[in-house]
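So the structure is just underneath, and the comments pick up after that.
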Amino acid sequence: CPAAAQLAHELLQARRPVGERARAGDRSALLASRREAVTQYRRALRFTGTHQPLVRADLLDALGRELATLDQWAPAAEALEESIGLWRAAGVPLREGDALRRLGTAY
C-alpha cells in the first residue's frame, strides 16, 4: 500500500536529525540534482521547529537558492522572505543582506 509505505518513510525520517536531512539536500545540490535538493530541504524544514531559527533560516536560504535555479521564482521568494525575517530577528546582518540580494533576483 503506497500510503503505508509513505507513512513508514516519514516515521523513519522523523528519527533522523535535521542536520542529516540538510546534508542530504546539500549533497543533492552539489551533484546538481536540483529537484532532489528541494525535496530534501523541504523535508528538513518540516522537522525544524521554531526553537532552531538559525537552522531554519539556513535551510530556507538553501531552498530558495535551489528553487531559483529551477526558475520557481515565487516559491523561492517565499522561502527567502521567511529567512530574511529570521536572520533579522537573530541579528545576523550579513546573512540577512545576502538573502535580500537573492530576493531581489527572485522578484
Q | Carboxylate-amine/guanidinium proximity below 4.0 Å for E82 and R56 | A | yes
**Q.** Minimum-distance pair of heavy atoms, taken over all atoms of W87 and D58
**A.** CZ2-N, 3.6 Å
Q: Would you name the heavy atoms of A76 and G64 that are closest together and state the gap between them?
A: CB-O, 3.5 Å
Q. Are any of the side-chain nitrogens in R95 or D98 under 4.0 Å away from the carboxylate oxygens of its partner?
A. no
Q) So among T48, L86, L80, which one has a side-chain contact (heavy atoms from CB on, under 4.5 Å) with L60? A) L86
Q: Starting at CZ of R35, measure out to CG of L67 and round the result to the nearest 0.5 Å.
A: 11.0 Å
Q) How long is the span from the OG atom in S83 to the CZ atom in R102, to the nearest 0.5 Å? A) 6.5 Å
Q. Considering all heavy atoms of both residues, which atom of W73 and which atom of A106 are nearest to each other, and what is their separation?
A. CE3-CA, 3.5 Å
Q. What distance separates L63 CG from T39 OG1, expressed to the nearest 0.5 Å?
A. 9.5 Å
Q. Quick one: do D61 and R65 make a salt bridge, cutoff under 4.0 Å?
A. no
Q. Roughly how far, to the nearest 0.5 Å, is CG of L100 from CD of E81?
A. 10.0 Å
Q) For E66 and L70, what are the C-alpha separation, side-chain angles and deciding distance, and is it a side chain to side chain contact (heavy atoms under 4.5 Å, CB included)? A) CA-CA 6 Å; E66 295 305 316; L70 292 169; 5.6 Å; no
